[in-house]
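In what follows, a structure is listed as structure tokens, so that the remarks can point back to it.
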Amino acid sequence: MIEVENVSKLFGDFLAVDGISFSIQTGEIVGLLGPNGAGKTTTMRIITGFLEADSGSVKIDGLDVREHPVETKRKIGYMPESAPLYSDMIVADYLSYVAEIEGKNPCEKVPELADVCGLKEVMHKNISELSRGNKQRVGLAHALMGEPEILILDEPTSGLDPNQVQEVRSLIKKIGETRTVIISTHILSEVESLCSRVIIISGGKKVADSPTEELRNHYGNSAEVILSVSGCSPEELTEKLGEVSGASCISVRQSGGKCEASVSVEKDREIRPELAAVCVRSGWQLYEMQLRKNSLEDVFRSITSSVSGQEPAMAE
């Protein structure tokens, strides 16, 4: 569906996108992540044909975006971070106007999208009177008007309250059942809940590309166990926990008469019963034990905050 091959883009002397390549198949929901200024928005604008790459190519269904601009744009619905709406228009009139531009029958498409995007209650309102959440919904309806095969969303829940965020996420998930979707966002929990795959860009380069669930295991350990124990010294606790198979990177500190330990778990090992047994055999008091899964946020920080600017080594 989407093939990005060795794409680069310069703005003056600044290399915003540096030789990025990836492909996205039909039906995937992909999260495009990166720090501010990483090149995410530039990459999306090149895919849509809004910007032209200085080198490399983008193909949509085998058609080069540069050589077939009209055909490829018809396959794409794009919603930028701030949806460009005409605030002085009534929602129904605005969507009818968009439908006519797209060559669609307003009497059919407007009611259909009002239903899909949850706009029935605000169709009579002026766009300037809408909440940010409803404006985002209008922007989605606009992006969907041309019945695109691909939907590209830049920060779709930026500035929304928690209820609005949940509503828009549910809408995107529903839309993603029948379309290819690319989402750029800084909200990592959003990616975890919506996306089957994550591409991370840092410094204009692609530094990670993996199914969301597997990404946690690719970099470092997948989880850690946190323990709170009394009746031992930090040195004793470190030594005994280190004897448990599958435990690594043990960190212990003393606080308020207890020892707080963090134990990294190798791969998908279940070591909690063995850790508890060590405490019982040693006659220590175990106050708390919790498993903390390696989050996408941990992975993101690990990959993008490297001081050397090099991609971290992938765990075997």
Side-chain angles (χ1 to χ4, degrees), residues 1-81 84 102-103 142-156 172 175-176 178-185 191 194-212 214-215 218 300 303-304 309-311 314:
M1 174 61 78
I2 303 173
E3 298 174 61
V4 177
E5 185 174 353
N6 201 30
V7 165
S8 295
K9 180 65 179 178
L10 276 163
F11 292 102
D13 295 329
F14 176 66
L15 186 58
V17 177
D18 186 5
I20 286 178
S21 298
F22 58 82
S23 62
I24 299 175
Q25 302 305 312
T26 301
E28 283 192 284
I29 301 181
V30 177
L32 190 62
L33 303 180
N36 288 330
K40 305 184 301 299
T41 297
T42 300
T43 299
M44 289 192 297
R45 289 178 175 176
I46 290 172
I47 292 172
T48 62
F50 183 80
L51 290 177
E52 185 173 324
D54 293 322
S55 62
S57 66
V58 176
K59 293 182 180 179
I60 307 295
D61 273 353
L63 298 176
D64 190 287
V65 170
R66 185 184 288 110
E67 297 174 2
H68 303 275
V70 176
E71 294 93 328
T72 53
K73 284 182 173 69
R74 283 175 177 159
K75 295 176 180 289
I76 298 172
Y78 176 46
M79 189 180 82
E81 181 176 353
E102 294 282 357
H142 183 160
L144 291 168
M145 187 65 74
E147 300 177 2
E149 300 169 27
I150 301 166
L151 189 62
I152 299 178
L153 309 174
D154 193 358
E155 300 287 350
I172 293 170
I175 291 168
T178 57
R179 290 174 173 83
T180 299
V181 181
I182 302 176
I183 301 172
S184 173
T185 179
V191 173
L194 289 174
C195 302
S196 57
R197 176 179 161 201
V198 175
I199 297 172
I200 299 179
I201 296 174
S202 184
K205 294 179 178 289
K206 184 184 76 173
V207 295
D209 183 353
S210 173
T212 308
E214 293 179 14
L215 194 63
H218 283 179
F300 181 84
I303 294 173
T304 61
Q310 297 178 345
E311 181 179 354
M314 183 172 285

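No hydrogens, no waters, no symmetry mates; every other heavy atom, side chains included, goes into these values. Predicted, not measured: the structure shown is a model, and the values here were computed from it. The first residue in the sequence is number 1, and the count goes up from there.
Of the residues listed (Ile76, Thr180, Val30), the one engaging Ile152 in a side-chain contact (heavy atoms from CB on, under 4.5 Å) is Ile76, and it is the only one.
The OG1 atom of Thr185 sits 7.5 Å away from the CG atom of Leu33 when rounded to the nearest 0.5 Å. In this structure, CD1 in Ile150 is found 4.0 Å from CD1 in Ile2, a value given to the nearest 0.5 Å. Rounding to the nearest 0.5 Å places CE of Met79 at 5.0 Å from CG of Leu153. Going from atom CG of Asp209 over to atom CD1 of Ile199 covers 4.5 Å, rounded to the nearest 0.5 Å. Between Ile175 atom CD1 and Leu151 atom CG the span is 6.0 Å, to the nearest 0.5 Å. Atoms CD and CE, on Glu102 and Met145 in that order, are 7.5 Å from each other to the nearest 0.5 Å.
Looking at heavy atoms from C-beta onward, Ile24 lies out of side-chain contact with Met1 at the 4.5 angstrom threshold. In this structure, the side chains of Ile47 and Ile182 come closer than 4.5 Å at one or more pairs of heavy atoms. Proximity of Lys59 to Thr72: side-chain heavy atoms (C-beta onward) are nowhere separated by under 4.5 Å. In this structure, the side chains of Thr43 and Phe22 come closer than 4.5 Å at one or more pairs of heavy atoms. When side chains are defined from C-beta on, Phe14 does not count as touching Lys9, because their heavy atoms never get closer than 4.5 Å.
With sequence neighbours left out, the side-chain contact (heavy atoms from CB on, under 4.5 Å) criterion links Ile29 to Val181, Ile183, Cys195. With sequence neighbours excluded, the residues forming a salt bridge (Lys or Arg N to Asp or Glu O under 4.0 Å) with Lys205 are Asp18, listed by chain and number.
Closest approach of Ser8 and Leu15 over heavy atoms only: CB-CD1, 4.5 Å. Pairing each heavy atom of Leu144 with each of Pro148, the nearest pair is O-CD, 3.5 Å. Of all heavy-atom pairs spanning Asp64 and Ser57, the tightest one is OD2-CB, 3.7 Å. Of all heavy-atom pairs spanning Lys40 and Leu32, the tightest one is CD-O, 3.6 Å. Contact record, Pro156 with Ser184: CD-O, 3.7 Å, taken as the closest heavy-atom pair. Minimum heavy-atom separation, Val65 to Ile46: CG1-O, 4.2 Å.
Checked by atom type and distance alone, the side chain of Asn6 never pairs as donor or acceptor with a backbone atom of Gly56 at under 3.5 Å. Without hydrogens or angle criteria, Thr42 side chain to Ala16 main chain gives no donor-acceptor distance under 3.5 Å. Remark: the backbone N or O of Glu147 is not paired with any side-chain donor or acceptor of Arg74 at under 3.5 angstrom.
At most 12 heavy atoms of other shown residues, nucleotides or ligands fall within 6.0 angstrom of atom CZ in Phe50. Residue Glu81 qualifies as enclosed at atom CD: its count of foreign heavy atoms under 6.0 Å is above 12.
A salt bridge between Arg45 and Asp154 is absent, with no side-chain N of the basic residue lying under 4.0 Å from a carboxylate O of the acidic one. For Arg179 and Glu149, the salt-bridge test fails: no basic side-chain N is under 4.0 Å from an acidic carboxylate O.
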message: Is there a side chain to side chain contact (heavy atoms under 4.5 Å, CB included) between Asp54 and Phe11? Walk through the geometry before answering.
response: CA-CA 10 Å; Asp54 293 322; Phe11 292 102; over 6 Å; no
